[in-house]
Number of protein chains: 2
Amino acid sequence: MSKLREDQLAVWRAFVNAHAGVIRRIEKDLAERHQVPLIWYDVLVALYQSPGKKLRMTELADKVVLTPSGLTRLVERLEKEGLVRRERTEEDRRGSYTVLTREGKRAFLKAWPTYEQGIREYFIQVLTEEECRIIGDGLSRIYQSSRL
Amino acid sequence: MSKLREDQLAVWRAFVNAHAGVIRRIEKDLAERHQVPLIWYDVLVALYQSPGKKLRMTELADKVVLTPSGLTRLVERLEKEGLVRRERTEEDRRGSYTVLTREGKRAFLKAWPTYEQGIREYFIQVLTEEECRIIGDGLSRIYQSSRL
DNA sequence: TAGCAATATTTGAATCCGCAAATAAAATGG
DNA sequence: CCATTTTATTTGCGGATTCAAATATTGCTA
């Protein structure tokens with residue numbers, strides 16, 4: 001229950017500000033070139049990288065860090081644009097899969113270079129290899145311990 | 001224009017996920033104990049730490065990483081609760097100061113322990129001193145370079 | 001110093017998200 | 001097996017944030 005030091009608070013603020021800043025920057029780049037918000041690509045990336053190019057709602061919500069209800073609406077929008085399709089599961093009829101459509105794959109491949117470049121330019125390149133490794137380790141642990 | 005490596009992408013995801021996870025955790029703690037959202041405290045902290053306990057809208061928007069319009073509404077809500085007050089500036093009548101009221105100061109001091117504990121518990125304590133330093137350095141640079 | 005560009009902030013309209021409650025379908029226990 | 005609990009997802013609702021346009025004031029320049 002010790003007090004937070006000044007420099008520790010500064011680290012926290014750096015974390016919050018860096019996040020907001022970089023996200024805004026990437027969002028702007030994507031909007032300028034593709035007119036589609038960042039979170040859409042998070043969904044498409046998650047689906048693209050999953051075996052079978054499909055995921056349960058819960059898995060997807062987890063990957064993109066949204067609440068279940070938030071994800072439902074997000075998938076609705078993507079479905080309306082034809083980038084994903086929903087499939088009722090056979091095994092567990094409570095749930096459904098969100099499947100990447102051909103068009104969704106195309107949209108993803110088209111937008112990915114911009115997104116990738118943003119991550120590189122605003123985030124990765126600003127760090128040394130070692131910093132990058134250490135930050136990855138630390139933040140992964142933080143993420144893990146924040147779940148629950 | 002080289003490709004992003006797998007491990008670099010993982011660092012990015014750790015960054016995004018850690019942020020979302022920790023913010024949500026702290027937000028929940030604050031809501032349980034004080035019924036006031038996190039962003040309010042960001043404003044109160046910023047004001048509390050500023051000389052004169054007051055800031056221009058633009059400065060404040062910058063500190064809490066909101067757009068001008070977002071900040072206007074936020075300050076409106078805080079004003080309605082009596083935690084801040086707006087003062088027209090003498091020098092530049094386009095602008096206004098947001099001033100921390102006595103009640104705002106009290107609210108801040110009351111809530112700060114919870115916020116502080118969240119930052120410590122979900123963020124600082126998960127890291128070693130060295131990691132903390134390195135992460136602070138790296139993220140500060142990232143933040144700086146993301147500003148325009 | 002009149003006129004026009006730049007800056008600070010607010011407002012209107014639209015979107016998006018989270019919480020809590022609702023629904024629906026498994027899973028579990030006796 | 002039936003009843004109850006748990007899990008997966010969706011809906012109703014309200015709040016919060018953004019973009020673009022509006023407003024107000026200042027600063028610059030000819």
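Order of the sequence lines sets the chain letters (A, B, ...), proteins ahead of strands, with each chain counted from 1.
Contact check of residues 14-24 of chain A against DNA chain D (heavy atom, cut-off under 4.0 Å) returns A:Arg24. For DNA chain C, the neighbouring residues in residues 59-70 of chain A, judged by any heavy atom under 4.0 Å, are A:Leu66, A:Thr67, A:Ser69, A:Gly70. Contact check of residues 42-56 of chain A against DNA chain D (heavy atom, cut-off under 4.0 Å) returns A:Arg56.
Nucleotide D:dC19 holds its P atom 14 Å from the CG atom of A:Leu30, rounded to whole Å. Taking atom CZ of A:Arg73 as the reference point, atom P of D:dT11 lies 8 Å away to the nearest angstrom. Atom CG in A:Leu71 sits roughly 15 Å away from atom C1' in D:dT11 (whole-Å rounding). Look at CG on A:Leu38: it is 16 Å from C1' on D:dT17, rounded to the nearest Å.
Taking Ile, Leu, Val, Met, Phe, Trp and Tyr as members and joining any whose side-chain heavy atoms lie under 4.5 Å apart, directly or through other members, the hydrophobic cluster of B:Tyr97 also contains B:Val99.
With a cutoff of under 4.0 Å to any heavy atom of chain A, the contacted region of DNA chain C is bounded 5' to 3' by C:dC16 to C:dA26.
Within the structure, no pair that satisfies the ring-ring contact (aromatic ring centres under 6.0 Å, His included) test touches residues 56-86 of chain B, not counting sequence neighbours. Residue pairs that meet the ring-ring contact (aromatic ring centres under 6.0 Å, His included) test with at least one member in residues 50-84 of chain A, sequence neighbours left out, do not exist here. Counting only residues at least two apart or in different chains, ring-ring contact (aromatic ring centres under 6.0 Å, His included) contacts with residues 45-68 of chain B comprise B:Tyr48-B:Phe108. Applying the salt bridge (charged side-chain N to carboxylate O under 4.0 Å, His left out) test to pairs two or more places apart or on separate chains, those with a residue in residues 41-61 of chain B are A:Arg13-B:Asp42, B:Arg56-B:Asp92.
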N/O donor to acceptor pairs below 3.5 angstrom from side-chain atoms of residues 131-140 of chain B, sequence neighbours left out:
{"unit_1": "B:Glu131", "atom_1": "OE1", "unit_2": "A:Arg141", "atom_2": "NH2", "d": "2.6"}
{"unit_1": "B:Glu131", "atom_1": "OE1", "unit_2": "B:Thr128", "atom_2": "N", "d": "3.0"}
{"unit_1": "B:Glu131", "atom_1": "OE2", "unit_2": "A:Arg141", "atom_2": "NH1", "d": "3.2"}
{"unit_1": "B:Glu131", "atom_1": "OE2", "unit_2": "A:Arg141", "atom_2": "NH2", "d": "3.3"}
{"unit_1": "B:Ser140", "atom_1": "OG", "unit_2": "B:Gly136", "atom_2": "O", "d": "2.7"}

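Linking ILVMFWY side-chain heavy atoms closer than 4.5 Å, directly or via other members, places A:Val65 and A:Leu78 in two distinct hydrophobic clusters.
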Between N or O atoms, less than 3.5 Å apart, protein on one side and nucleotides 21-29 of chain D on the other: list the pairs.
{"unit_1": "D:dT26", "atom_1": "OP1", "unit_2": "B:Arg93", "atom_2": "N", "d": "3.4"}

Output a table of nitrogen or oxygen pairs between the protein and nucleotides 14-16 of chain D separated by less than 3.5 Å.
{"unit_1": "D:dA16", "atom_1": "O5'", "unit_2": "B:Arg77", "atom_2": "NH1", "d": "3.4"}

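Inter-residue side-chain proximity for A:Arg102 and A:Arg85 is flagged as unmet; no heavy-atom pair is nearer than 4.5 Å.
Taking the six-membered ring where tryptophan is involved, the planes of A:Tyr41 and A:Tyr115 are tilted, since the angle between them lies from 30° to 60°.
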